[in-house]
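Computation of the quantities below employed the complete heavy-atom set of this structure, encompassing side-chain atoms and omitting hydrogens, waters and symmetry-equivalent molecules. Just so you know, these numbers come straight off a predicted model, no measurement behind them.
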Amino acid sequence: MTDSVPGASAASGTEVGYPNGHLGHLKPEEQEALESFKSNLAEKGYYKPGPPASHDDQTLLRYLRARRWNVVDAFKQFKETEDWRKANDLNVLYDTIDLEAYEASRRLYPQWTGRRDRRGIPLYLFEIRHLDSKTVSNYEKATETNPSKAVTDGQTSPKLLRLFALYENLTRFAQPLCTELPDRPHATTTPITLSTNIVDVSGVSLRQFWNLKSHMQAASQLATAHYPETLDRIFIIGAPYFFSTVWGWIKRWFDPITVSKIFILGPSDVKATLEEFIDPKNIPKQYGGELDFTWGDQPNTDPYIKEMVKWEHGLKDFPEGPKYWRPMADGTRMECVAVGSEGGKQRMLSVGTLERVCNVKETEKKVNGDTLAEEVKGLSVGDDEKKEVV
């Protein structure tokens, strides 16, 4: 490795990211930037203050952090994202995507382990070696058909749009779930808007990296543009001798803030470094931990999460496919709804509910029960806003 490749010592350095710059930990000038950002967005029709607001504060803060608190630059990125989402019918895509198509995409990209790091941030695993040329080719052929009811402008490739259904799962399911779990630092004040990732590059040849280069570059750049500040630390494990060459490509795909969060761990650093940030019970066994989680598995949901959720319809764990959380009418709990389509039929299944703990008092001051009830009433699958939860 070269000196330009960050290692374990950098990963264990002084914490300069979360929770700094997040709700509950804003400097006066950052709070001022947030208010200015809201005003700017509202003036140009990209934000409605509500109640309820069209976009929550933690989402807006992602764009400000990504643009180093420059309101003009943050507005530009936010506007481009909102226009892109509208042009690609992102909400309809997520709500109506075929479950088999969703699962096919999930098996190729970073997968939630069902666990969190020591700060309560969801932990994902990505094993690159499974993306061989045959697998990627078969996947690309399968993406030639539209797996949802979304109508797009055709500017973003179908294979990448399926990837963004997975990002929707991160921001609408995994992060809200982790936000409302009370066993983490800053649970009552600071929403979770990040993810921690273990990226295993062992067994990957230079040829395979080269073959994946254009696909991974396009995916990384679009994700950085439209899902900013959703990545926290990225631990790269199993780097081959030529990785310094590959690193030269990779670091150009991301903004400098994201690059600063990527750390390459040598074999002797893996266990100790991961345990510094993740409880051993939540680290997959293949990296020295205790968790039974193999690439391709459904999340091995933390028993604590299972205890906290009040399950519906006889369920004891989250079903496969896309899901999201929405507030319940009383404002003190939120409901998980499983969506997507199966056999051409749209799914809207109430999975369970979870007590809210993060900024509940603040929310209750801003949103009365009647307003929140109207918000819940308006949340539904795709274009059919009158479908009942079953």
Does [Y] offer a backbone N or O that forms a donor-acceptor pair with the side chain of [X] under 3.5 Å?
{"X": "R356", "Y": "G331", "value": "yes"}
{"X": "E103", "Y": "E320", "value": "no"}
{"X": "Y324", "Y": "P176", "value": "no"}
{"X": "K323", "Y": "G321", "value": "yes"}
{"X": "T179", "Y": "Q175", "value": "yes"}
{"X": "W84", "Y": "A87", "value": "no"}
{"X": "N88", "Y": "L90", "value": "no"}
{"X": "S260", "Y": "I257", "value": "yes"}
{"X": "D98", "Y": "A101", "value": "yes"}

Gap separating the [atom1] atom of [X] from the [atom2] atom of [Y], nearest 0.5 angstrom:
{"X": "R118", "Y": "L274", "atom1": "CZ", "atom2": "CG", "answer": "10.5 Å"}
{"X": "I264", "Y": "I236", "atom1": "CD1", "atom2": "CD1", "answer": "4.5 Å"}
{"X": "D200", "Y": "W295", "atom1": "CG", "atom2": "CH2", "answer": "9.5 Å"}
{"X": "E275", "Y": "Y287", "atom1": "CD", "atom2": "OH", "answer": "15.0 Å"}

Apply the test salt bridge (Lys or Arg N to Asp or Glu O under 4.0 Å) to residues R233 and D117: give CA-CA distance (whole Å), side-chain angles for both, the deciding distance (0.1 Å), then the verdict.
CA-CA 10 Å; R233 286 189 175 86; D117 69 12; over 6 Å; no
Should [X] and [Y] count as side-chain neighbours, where that means a heavy-atom distance under 4.5 Å?
{"X": "L349", "Y": "V337", "result": "no"}
{"X": "C336", "Y": "F318", "result": "yes"}
{"X": "T189", "Y": "L23", "result": "no"}
{"X": "L354", "Y": "M328", "result": "no"}

Examine the side chains of [X] and [Y] and answer whether a donor and an acceptor come within less than 3.5 Å of each other.
{"X": "Q77", "Y": "R67", "answer": "yes"}
{"X": "N197", "Y": "S195", "answer": "yes"}
{"X": "S350", "Y": "E335", "answer": "yes"}
{"X": "S341", "Y": "R347", "answer": "no"}
{"X": "Y47", "Y": "N40", "answer": "no"}
{"X": "N146", "Y": "S148", "answer": "yes"}
{"X": "Y63", "Y": "N70", "answer": "no"}
{"X": "T81", "Y": "Y227", "answer": "no"}

Original post:
Looking at W249, is K213 sitting on its ring face, NZ or CZ under 6.0 Å from the six-membered ring centre and within 45 degrees of the normal?
Top reply: yes
- Message: Test of understanding: with side chain to side chain donor-acceptor pair (under 3.5 Å), list the residues that count as partners of N138, not counting sequence neighbours.
- Response: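 Result, side chain to side chain donor-acceptor pair (under 3.5 Å) vs N138: none returned.
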With sequence neighbours left out, the residues meeting side chain to side chain contact (heavy atoms under 4.5 Å, CB included) with E355 are R333
Residues passing the side chain to side chain contact (heavy atoms under 4.5 Å, CB included) test with Q31, sequence neighbours excluded, are L26, L34, E35
- Item | Pairwise salt bridge (Lys or Arg N to Asp or Glu O under 4.0 Å) hits with a residue in residues 290-300, at least two apart |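 Every salt bridge (Lys or Arg N to Asp or Glu O under 4.0 Å) pair that includes a residue of residues 290-300, provided the two are not neighbours, is K285-D292.
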What's the shortest heavy-atom distance between [X] and [Y], and which atoms?
{"X": "F209", "Y": "F243", "result": "CZ-CE1, 4.0 Å"}
{"X": "Y94", "Y": "V339", "result": "O-CG2, 3.8 Å"}
{"X": "T190", "Y": "P19", "result": "CG2-CB, 4.4 Å"}
{"X": "L231", "Y": "K261", "result": "O-NZ, 2.9 Å"}
{"X": "E180", "Y": "M334", "result": "CG-CE, 3.3 Å"}
{"X": "Y167", "Y": "T230", "result": "CE2-OG1, 4.0 Å"}

D183 meets the salt bridge (charged side-chain N to carboxylate O under 4.0 Å, His left out) criterion, sequence neighbours left out, with R116
For this session: List for me each residue that meets salt bridge (charged side-chain N to carboxylate O under 4.0 Å, His left out) alongside K306, sequence neighbours excluded, and say none if there are none.
Result: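 Per chain and number, K306 pairs via salt bridge (charged side-chain N to carboxylate O under 4.0 Å, His left out) with D317.
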Tested for ring pair (Phe, Tyr, Trp, His ring centres under 6.0 Å) against H55, the lone hit among F78, F37, Y46 is F78
Which of D302, T301, N282 passes side-chain hydrogen bond (donor to acceptor under 3.5 Å, both in side chains) with R115? Answer is N282
side-chain hydrogen bond (donor to acceptor under 3.5 Å, both in side chains) with E229: of Q58, R62, R65, only one passes, and it is R65
Kindly indicate, with the supporting measurements, whether the criterion salt bridge (Lys or Arg N to Asp or Glu O under 4.0 Å) is fulfilled by R85 and E168.
CA-CA 11 Å; R85 292 182 65 88; E168 291 293 296; 2.7 Å; yes
- prompt: So, are R68 and D73 salt-bridged, with charged N and O less than 4.0 Å apart?
  reply: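 No, no charged N to carboxylate O under 4.0 Å.
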Note to self: Please determine whether a side-chain nitrogen of the Lys or Arg among E82 and K86 lies less than 4.0 Å from a carboxylate oxygen of the Asp or Glu.
What the structure shows: no
Apply the test salt bridge (Lys or Arg N to Asp or Glu O under 4.0 Å) to residues R119 and D232: give CA-CA distance (whole Å), side-chain angles for both, the deciding distance (0.1 Å), then the verdict. CA-CA 11 Å; R119 299 163 299 169; D232 197 54; 2.7 Å; yes
Can you confirm whether K44 is buried at NZ, in the sense that more than 12 heavy atoms of other residues, nucleotides or ligands lie under 6.0 Å from that atom?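 More than 12 within 6.0 Å, yes.
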Checking L212, N211, L206 against Q208 for side chain to side chain contact (heavy atoms under 4.5 Å, CB included), the one that qualifies is L212
Quiz item: Is the gap between the ring centers of H186 and H22 under 6.0 Å?
Solution: no
